[in-house]
Amino acid sequence: MAIRKRAWTLPDGTAKQAWLVDYRDQAGKRRAKQFARKRDAEEWAITAKAEVQRGVHTPDRTSVTIAKASELWLDTVRKNGREPTTVAAYEQQVRLHIVPACGATKLSQLTAPKVRTILDSWRGSVSRPMATRLLRTLKAIISDAQERGLVAQNVALAVKMPRETREKGKVTPPAKADLRAILKAAAAQTSLKAQTFVELAVFSGMRASELRGLPWRNVDLKAGTVTVDQRADAAGVIGPPKSTAGFRTIPLPPRVIKLLKAWKLACPANDLELVFPSDQGKPLSHRVATINLVGPIQIAARVVTTTIDEEGDPSFEPRYGLHAFRHAAASLWIEQGLNAKRVQVLMGHSSIQVTFDTYGHLFEQQEKDRDDAAAIERALFTGAT
């Protein structure tokens, strides 16, 4: 690469000068880039030379902005038949966060440090889960552009969300006393539908969307299992799980099978053959499932959060949302000694890292409990300390 000084005069007589980097890209095509300072030209030339040698250099002139790359990626997402709610979420991420943060930046000008700076700005303005989703979306946008030949490398892949301490981000499942109270109250309810819904949630670990979209054909009363191969999205549209890991078969305890048998006889017929249909025979909304099925049982069980208004009158809200029952199932499986890989499969996690990030502290506590029990045994029967 050659660096030379360029001088010229504008039509109004103003003298101008710049430093020009003259080079050939990995395809052998001659390129040039101009800088105001020699130092900037020299630093850029070193980086560009290394990129050309590795075959990952993208000239600015042939690059597109992140905003344009986002449009192309969203078009691909739509054509791939993703759920309308998923597409809408991606569009919102691009419009509200990605384009304002870096939309005018060309892909060729993007570096891992710049991506990290963008991520840090998101971490300061949105929740950690949202910042994680935004980083994942940005990586997908650049990967799509790479496949289109618009950029030679995805520099965002080198950027990771900084890990929080496990203690700070650990999940706390519902207390066993609360679960016992909820199950006891559910059994006393006149609504067999609500009781079955709650017990299946607690003992299967299914996501709320999976429960709402569950068809009877996926309930094997003889084998004592439930299979997940579809879900109902926020708009009530039935579709497949969001990932291949979501397809799974979960064993159920006899008490849940007994309830499902009774509820199948009482369940209203519906065109979708749903286990928990709405009054109109459609998938239940998340709100209705929470307010009409899960909420009353928790209030009856006195598993509530109490608040006092300005006039001193108390009000009671259910302590747990539907997702808490999913954590309850995971904690029960871990307590029974299931290994992390098995829990990953039953929960439908995309990777075992997700399982460890969410429930690692529960596995550690279970291991500690076993060690403590063994130590007590040694102390009692062998005199060891």
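These numbers were taken from a predicted model, which means no experiment stands behind them.
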*What salt bridge (Lys or Arg N to Asp or Glu O under 4.0 Å) pairs are there with at least one residue in residues 286-296, not counting sequence neighbours?*
none
*Residue pairs involving residues 140-154 (criterion salt bridge (Lys or Arg N to Asp or Glu O under 4.0 Å); sequence neighbours excluded)*: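 Only Asp144-Arg148 qualify under salt bridge (Lys or Arg N to Asp or Glu O under 4.0 Å).
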With [X], which residues qualify under side-chain hydrogen bond (donor to acceptor under 3.5 Å, both in side chains), at least two apart?
| X | value |
| --- | --- |
| Thr65 | none |
| Asn270 | none |
| Lys16 | none |
| His97 | none |

*Trp73 and Tyr90: aromatic ring centres closer than 6.0 Å?*
yes
State the [atom1]-[atom2] distance between [X] and [Y], to the nearest 0.5 angstrom.
| X | Y | atom1 | atom2 | answer |
| --- | --- | --- | --- | --- |
| Ile118 | Ile98 | CD1 | CD1 | 9.5 Å |
| Arg255 | Phe203 | CZ | CZ | 4.5 Å |
| Leu74 | Lys79 | CG | NZ | 12.0 Å |
| Asp120 | Arg116 | CG | CZ | 4.5 Å |
| Leu260 | Asp220 | CG | CG | 11.0 Å |
| Ile142 | Leu157 | CD1 | CG | 7.5 Å |

*Show your reasoning for whether side-chain contact (heavy atoms from CB on, under 4.5 Å) applies to Val115 and Leu135.*
CA-CA 9 Å; Val115 174; Leu135 176 60; 4.1 Å; yes
For [X], does the [atom1] atom sit with more than 12 other heavy atoms under 6.0 Å from it, leaving out its own atoms?
| X | atom1 | result |
| --- | --- | --- |
| Lys68 | NZ | no |
| Lys282 | NZ | no |
| Glu91 | CD | yes |
| Arg95 | CZ | yes |
| Asn80 | CG | yes |

Of all residues at least two apart in sequence or in a different chain, which pass the ring-ring contact (aromatic ring centres under 6.0 Å, His included) check with [X]?
| X | result |
| --- | --- |
| His286 | none |
| Phe325 | none |
| Tyr320 | none |

I want to check something: taking the side chain as every heavy atom from C-beta on, are [X] and [Y] in contact at a cut-off of under 4.5 Å?
| X | Y | result |
| --- | --- | --- |
| Leu107 | Val155 | no |
| Met206 | Leu214 | yes |
| Arg123 | Pro162 | yes |
| Leu284 | Leu293 | yes |
| Val294 | Val198 | yes |
| Phe276 | Arg212 | no |
| Arg207 | Lys242 | no |

*Donor-acceptor contact present, side-chain Arg319 to main-chain Val303, <3.5 Å*: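 Judged by distance alone, no pair lies under 3.5 Å.
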*Would a distance-only check, ignoring hydrogens and angles, find a side-chain to backbone donor-acceptor pair under 3.5 Å from Arg6 to Trp19?*
no
_Non-neighbouring partners of Lys184 that pass salt bridge (Lys or Arg N to Asp or Glu O under 4.0 Å), sequence neighbours left out_ = none
At their closest point, which heavy atom of [X] faces which heavy atom of [Y], and how far apart are they?
| X | Y | result |
| --- | --- | --- |
| Ile297 | Ala185 | O-CB, 3.7 Å |
| His361 | Thr358 | CE1-O, 3.3 Å |
| Ala208 | Leu322 | CB-CD1, 3.7 Å |
| Asn154 | Ser143 | ND2-OG, 2.8 Å |

Sequence neighbours left out, cut at 3.5 Å: what donor-acceptor pairs do the side chains of residues 229-241 make with other protein atoms?
{"from": "Asp229", "atom 1": "OD1", "to": "Asn218", "atom 2": "ND2", "distance (Å)": "2.7"}
{"from": "Asp229", "atom 1": "OD2", "to": "Arg217", "atom 2": "NH1", "distance (Å)": "3.1"}
{"from": "Gln230", "atom 1": "OE1", "to": "Arg217", "atom 2": "NH2", "distance (Å)": "2.9"}
{"from": "Gln230", "atom 1": "NE2", "to": "Gly213", "atom 2": "O", "distance (Å)": "2.6"}
{"from": "Arg231", "atom 1": "NE", "to": "Ser209", "atom 2": "OG", "distance (Å)": "3.4"}
{"from": "Arg231", "atom 1": "NH1", "to": "Glu83", "atom 2": "OE1", "distance (Å)": "2.8"}
{"from": "Arg231", "atom 1": "NH1", "to": "Glu83", "atom 2": "OE2", "distance (Å)": "2.8"}
{"from": "Asp233", "atom 1": "OD1", "to": "Ala235", "atom 2": "N", "distance (Å)": "2.9"}
{"from": "Asp233", "atom 1": "OD1", "to": "Gly236", "atom 2": "N", "distance (Å)": "3.0"}
{"from": "Asp233", "atom 1": "OD1", "to": "Val237", "atom 2": "N", "distance (Å)": "2.8"}

*Give the intermediate values and the outcome of side-chain contact (heavy atoms from CB on, under 4.5 Å) for residues Leu119 and Met161.*
CA-CA 8 Å; Leu119 174 60; Met161 172 65 75; 3.7 Å; yes
*Anything under 30° is parallel, anything over 60° is perpendicular, the rest tilted; go ahead and classify Tyr359 against His349.*
parallel
*Could you walk me through whether Leu265 and Lys261 pass the side-chain contact (heavy atoms from CB on, under 4.5 Å) check?*
CA-CA 7 Å; Leu265 296 175; Lys261 287 180 178 178; over 6 Å; no
*Do any pairs count as a ring pair (Phe, Tyr, Trp, His ring centres under 6.0 Å) and have a residue in residues 111-149, sequence neighbours left out, and if so which ones?*
none
*Steps toward side-chain contact (heavy atoms from CB on, under 4.5 Å) verdict (Lys264, Trp216)*: CA-CA 8 Å; Lys264 188 172 185 180; Trp216 279 111; 3.4 Å; yes
